[in-house]
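Presented below is the structure to which this report refers.
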Amino acid sequence: MSPRTLVAGNWKMNGLKASSAMLEELARAHPSPVCDVLVCPPSTLVAAFAGGAFPIGGQDCHWKASGAHTGDISAEMLADAGASAVIIGHSERRADHGETDAMVSNKTEAAWRAGLVAVVCVGETEAERDAGETLARIGSQLAASIPDGATAANLVVAYEPVWAIGTGRTPSLEEIAEVHDFMRKTLSDRFGADIAGGVRLLYGGSVKPSNAAEIFAIKNVNGALVGGASLKAEDFGGIISAAG
Ligand code: 13P
């Protein structure tokens, strides 16, 4: 049996307290969604939004629980603020903040230590795809970014081709299927088919209401990690509806 579809919104550095109105509008339009929904606003809004209609996640965490790390927040702090999940290793963190696979692995362990679901992101650059290195890149990221101890309940993996993020371009359905089949097999080889079969594999990169249904229909795709389209109730709602 396939795991329940998860539609997660990554608000990135967008959103103010007044954005709660968008979530209220979304909840009114989708009182009982056919899929799991997760909203990951900036950390300033986690406490304000937690306990509302949708589970709330962070967008990053430090690997330590506390200490002298100015500007960082820990997984424990996200959990304390009411988050149930955290995105880790997004390509924007990897590019803007030099996050390595080893750091992503440490952060994932921190998320699990704090009882959070880790949404671990992987994805190739356009140059890597053009060079035919996509699967090798995804394989090495999966191996080094995910620590031992993964379960179907504590891990979600998001495949986000860097060149598809915010560009309006997406891989073909066959290209998405190839990577997702590869990710399932890679996780099965390491964690066993029972665990790997339950881990949600999300696709992310220019998902919108008009392409969501065909992406969700791909065999090993169990949902989406949505950026820009998660900021508008109508668009995010359209993607949630497509999961049915
Ligand atoms: P877009 O949906 O805006 O392409 O962003 C995808 C993303 O990076 C989600 O984490």
Side-chain angles (χ1 to χ4, degrees), residues 5-15 19 22 26 35-43 45-46 49 54-61 78 83-97 99 104 107-108 111 116-126 128-129 134 137-138 141-142 145-146 155-173 175-176 179-180 183 200-216 218 221-243:
T5 301
L6 170 64
V7 175
N10 174 10
W11 284 16
K12 308 191 179 185
M13 199 169 72
N14 297 289
S19 311
M22 177 273 183
L26 187 68
C35 59
D36 289 341
V37 176
L38 175 70
V39 176
C40 301
S43 54
L45 296 175
V46 167
F49 290 176
F54 303 106
I56 299 299
Q59 298 179 9
D60 175 49
C61 66
L78 286 172
S84 56
V86 58
I87 298 168
I88 298 178
H90 191 282
S91 62
E92 288 153 13
R93 300 281 326 164
R94 292 175 184 263
D96 296 352
H97 299 273
E99 290 195 6
V104 174
K107 290 176 177 214
T108 302
L116 301 178
V117 175
V119 181
V120 177
C121 302
V122 297
E124 83 285 3
T125 63
E126 185 158 35
E128 288 164 344
R129 177 160 283 278
T134 297
R137 184 78 187 113
I138 303 301
Q141 287 181 327
L142 288 177
S145 300
I146 300 174
L155 178 68
V156 171
V157 177
Y159 167 54
E160 298 207 313
V162 176
W163 52 274
I165 294 174
T167 59
R169 295 167 57 206
T170 55
S172 69
L173 300 178
E175 287 168 335
I176 296 173
V179 172
H180 279 245
M183 294 200 298
R200 263 89 68 92
L201 304 181
L202 311 184
Y203 168 77
S206 298
V207 177
K208 42 191 184 249
S210 58
N211 64 13
E214 61 188 15
I215 291 172
F216 293 152
I218 299 171
V221 173
N222 310 115
L225 183 54
V226 184
S230 72
L231 296 171
K232 289 203 189 113
E234 195 182 339
D235 290 347
F236 199 44
I239 295 168
I240 290 169
S241 297

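Note that this is a predicted model, so its numbers are computed, not measured. Ligands are counted one by one from 1 in listed order, and the atoms in each one are counted from 1 as well.
Looking at ligand 1, you won't find any N or O of Val226 less than 3.5 Å from one of its N or O atoms. Between Glu160 and ligand 1, a contact under 3.5 Å exists for at least one N or O pair. Looking at ligand 1, you won't find any N or O of Thr167 less than 3.5 Å from one of its N or O atoms.
Only the side chain of Asn10 comes within contact range of ligand 1, with a heavy atom under 4.0 Å; no backbone atom does.
From the protein, the heavy atom lying nearest to atom 3 (O) of ligand 1 is Gly228 N, 2.8 Å. The protein atom (non-hydrogen) at minimum distance from atom 2 (O) of ligand 1 is Gly227 N, 2.9 Å.
At least one heavy atom of Lys12 sits closer than 4.0 Å to an atom of ligand 1. Contact annotation: Gly166 has at least one heavy atom less than 4.0 Å from an atom of ligand 1. Residue contact annotation: Ser206 has a non-hydrogen atom under 4.0 Å from ligand 1. Ligand 1 has at least one atom lying under 4.0 Å from a heavy atom of Ala164.
Nearest heavy-atom pair, Val162 versus Gly123, reported as atom, atom and distance to 0.1 Å: CG2-O, 4.0 Å. The minimum heavy-atom distance linking Asn211 with Glu214 is given by the pair O-CG, 3.2 Å. Pairing each heavy atom of Ala118 with each of Ile88, the nearest pair is CB-CD1, 4.1 Å.
Contact annotation: the side chain of Ile165 approaches that of Lys12 to within less than 4.5 Å [non-hydrogen atoms, C-beta and beyond].
Ring geometry for Tyr159 versus His180: interplanar angle over 60°, hence perpendicular rather than tilted (30 to 60°).
The Gly205 neighbourhood of ligand 1 comprises atoms 4 (O), 6 (C), with distances under 4.0 Å to a heavy atom of that residue. Counting atoms of ligand 1 from 1 in the listed order, those under 4.0 Å from a heavy atom of Leu225 are 9 (C), 10 (O). Close approach of ligand 1 to His90 is summarised as follows: ligand atoms under 4.0 Å from at least one heavy atom of the residue are 7 (C), 8 (O), 9 (C), 10 (O).
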Between Glu160 and His90, does the side chain to side chain donor-acceptor pair (under 3.5 Å) criterion hold? Intermediate values first, please.
CA-CA 8 Å; Glu160 298 207 313; His90 191 282; 3.0 Å; yes
For Val226 and Asp235: C-alpha separation, side-chain torsions, deciding distance, then whether side chain to side chain contact (heavy atoms under 4.5 Å, CB included) applies.
CA-CA 10 Å; Val226 184; Asp235 290 347; over 6 Å; no
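Remark: of the listed residues Leu6, Val7, Asn222, Val7 is the sole one forming a side chain to side chain contact (heavy atoms under 4.5 Å, CB included) with Cys35.
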